[in-house]
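Worksheet for the structure shown next.
Just so we're on the same page: letters track the sequence lines, and every chain starts at 1.
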Number of protein chains: 2
Amino acid sequence: MSNSQTSLPLVPAPLACCSPLSGEPMSQGRAEQVAPVLKALGDPVRLRLMSMVLSHEGGEACVCDLTPAFDLSQPTISHHLKVLHDAGLLGRDKRGVWVYYQARPEAMAAVMSLFAAAGSASASSAVADPAVGACC
Amino acid sequence: MSNSQTSLPLVPAPLACCSPLSGEPMSQGRAEQVAPVLKALGDPVRLRLMSMVLSHEGGEACVCDLTPAFDLSQPTISHHLKVLHDAGLLGRDKRGVWVYYQARPEAMAAVMSLFAAAGSASASSAVADPAVGACC
DNA sequence: TGTCAACATAGACATATGTCGAACTCTCAG
DNA sequence: CTGAGAGTTCGACATATGTCTATGTTGACA
C-alpha cells in the first residue's frame, strides 16, 4: 500500500462527515482519506463479504460462515476481511477459536453521506435523511 | 456516440436498484456489476474529478477546467475521466473543440441506495429517503 | 501435555492499475 | 488548405492487487 500513514485514522473516525461529493470540490487530503474506503468496496468478493456480514443474523458472522460461500482459499478470504477491517468497514471480535466480524454502521453512513446530495440533485431533501443527520 | 463496449451494461441502467447491502446476501453476479462502479470511485484523483464536476457551475465541466487542478499530465486526467465514464458515472458531451463531462445522478443515487439500509441500521427510516424512492 | 481446528501471516506469482511521453484525431481560424 | 489547440489513444514502465501454497499462532479439549 502506498499509504504512508503510521496509523490508520479510520478506526476511531472512519470518515469525516457532512462533505458530500457535490457542494464544493473535495480537497486532495480528504479524497485520499475517503478513496481507500471506496476502493475496499470496489471488489466483488469484498462487496459480498460486507453484504453477508450485514445480512447475517445479529449483524455479525464468523470466518467459518463466510469462507464456504466462495470458491477461494481461506487465506484469500482472510486477506479480504483484513482489507475491509483496515478500511474501517468491519470490526473484529475473537471469541474462543472463532473470529467474528461486524459491520460498522458509522462507516456505511459516512460513505452514504458522500452521495446523499449528489444522488438527489433534483430531489433536494436528502439533508433530512436520518442517517446523515446522525453522522453530523 | 453509441458506446462501443457491448459488455458494459452500465450506461442504460447503471445499477440495479433497491438491493441494499444488508437484507439478503448479494449475489455474485450483482456484486460483479456493482463493484466496478465503487472501484472507479476508489481513487483520490477520480473522487476529486467527480466532486469537481458535480460542484462545477451547471453540473458539468470541460477537461480544460479539470486538468489544471492536478499535478498530473493531461493524458492521465483523460484516462481517469474515461474510467469514470465507462463506469457510468460521467456523461460526455463534445462541443466544438471542448469536451464536457456531466455527472449522472442516477448512478450516484444507485450507489447510495446500496448503503441506505446499511448505514441506518439503527435509524431504520432510510426507506423513506426521497433519492432512494426516486430510483425505485 | 499433545493434538486438532480456526485464522492469520509470509512469500511467490501473474495480472491489473496509474503514470508518462509520443503520436494520433478533430475542430476551428486564417 | 494549412496550422494550431483540445483531447484521446498507444506503448512502456513501475507498482499495486488478488490469488495461491506453506507456515505460524492461538485456543479448546482429550
Inset, instruction - May I ask you to test the B:Met50-B:Met108 pair for a side-chain heavy-atom distance under 4.5 Å? - result: yes

Inset, instruction - Under 4.0 Å from any atom of DNA chain D, heavy atoms only: list the residues of residues 56-65 of chain B that qualify, in numerical order. - result: B:Cys62, B:Val63, B:Cys64

Legend entry - Any side-chain heavy-atom pair of B:Tyr101 and B:Leu49 under 4.5 Å: no

Inset, instruction - Determine to 10° how strongly the helix from C:dT1-D:dA30 to C:dG30-D:dC1 is bent, judged from the axes of its five-pair ends. - result: 10°

Legend entry - Short side-chain N/O contact to D:dT8 OP1/OP2 from B:Ser78, under 4.0 Å: yes

Inset, instruction - Flag the pair B:His80 / B:Leu84 as yes when at least one side-chain heavy-atom distance between them is below 4.5 Å, and no otherwise. - result: no

Inset, instruction - Assess A:Arg92 against A:Tyr100: is NZ or CZ under 6.0 Å from the centre of the six-membered ring, and within 45 degrees of the ring's axis? - result: no

Legend entry - Within-4.5 Å side-chain heavy-atom neighbours: A:Leu54 and A:Ser51: no

Legend entry - Partners passing side-chain contact (heavy atoms from CB on, under 4.5 Å) against B:Gln74 (at least two apart in sequence or in another chain): B:Val63, B:Thr67, B:Ser78

Inset, instruction - Taking all heavy atoms of B:Ala35 and all of A:Leu47, pick out the closest pair and write down the distance. - result: N-CD2, 3.8 Å

Inset, instruction - May I ask you to test the A:Leu114-A:Leu38 pair for a side-chain heavy-atom distance under 4.5 Å? - result: yes

Inset, instruction - Summarise how protein sits on nucleotides 23-30 of chain D as a single string, 5' to 3': B when a protein heavy atom is under 4.0 Å from the base, S for sugar-phosphate-only contact, - for no contact. - result: ---SSS--

Inset, instruction - Whole angstrom is fine here: how far is it from CG in B:Asp86 over to C1' in D:dT8? - result: 12 Å

Inset, instruction - Could you tell me whether the side chain of B:Asp93 reaches within less than 4.5 Å of the side chain of B:Arg95, counting heavy atoms only? - result: yes

Inset, instruction - Would you give the length of the straight line joining atom CE of B:Met112 to atom OG of A:Ser113, rounded to the nearest 0.5 angstrom? - result: 10.5 Å

Inset, instruction - Could you identify which residues of residues 40-47 of chain A place a heavy atom less than 4.0 Å from some atom of DNA chain D, listed by residue number, or say none? - result: A:Asp43, A:Arg46

Legend entry - DNA chain C: 5'-most and 3'-most nucleotides touching chain B, 4.0 angstrom heavy-atom criterion: C:dT17 to C:dC28

Inset, instruction - Identify, between A:His79 and B:Thr76, the residue whose nearest nucleotide on DNA chain D lies closer to the 5' end. - result: B:Thr76

Inset, instruction - Report yes if the side chains of B:Gln28 and A:Arg48 come closer than 4.5 Å at any heavy-atom pair, otherwise no. - result: yes

Inset, instruction - Assign A:His80 to base, sugar-phosphate, or nothing according to its heavy-atom contacts below 4.0 angstrom with the strands shown. - result: sugar-phosphate

Inset, instruction - Using a heavy-atom cut-off of under 4.0 Å over every strand shown, decide if A:Tyr100 touches base, sugar-phosphate, or nothing. - result: nothing

Inset, instruction - For residues B:Leu66 and B:Leu81, determine if any side-chain heavy atom of one lies less than 4.5 Å from a side-chain heavy atom of the other. - result: yes

Inset, instruction - Taking B:Arg104 for its side chain and B:Gly88 for its backbone only, find out whether a donor-acceptor pair lies under 3.5 Å. - result: yes

Legend entry - Rounded interatomic separation in angstrom, taking CZ from B:Arg92 and C1' from D:dA6: 13 Å

Inset, instruction - Walk me through it: do A:Val83 and A:Arg46 pass the test side chain to side chain contact (heavy atoms under 4.5 Å, CB included)? - result: CA-CA 8 Å; A:Val83 171; A:Arg46 291 196 289 266; 3.7 Å; yes

Legend entry - A:His56 NE2 to B:Glu24 CD distance, which is reported to the nearest 0.5 Å: 14.0 Å

Inset, instruction - Measure the spacing between NE2 of A:His79 and CG of A:Leu72 and express it to the nearest 0.5 Å. - result: 10.5 Å

Inset, instruction - Looking at every strand, decide which applies to B:Leu72 at a 4.0 Å heavy-atom threshold: base, sugar-phosphate, or nothing. - result: sugar-phosphate

Inset, instruction - Round to the nearest Å and state the distance from B:Gln74 atom CD to D:dC10 atom P. - result: 15 Å

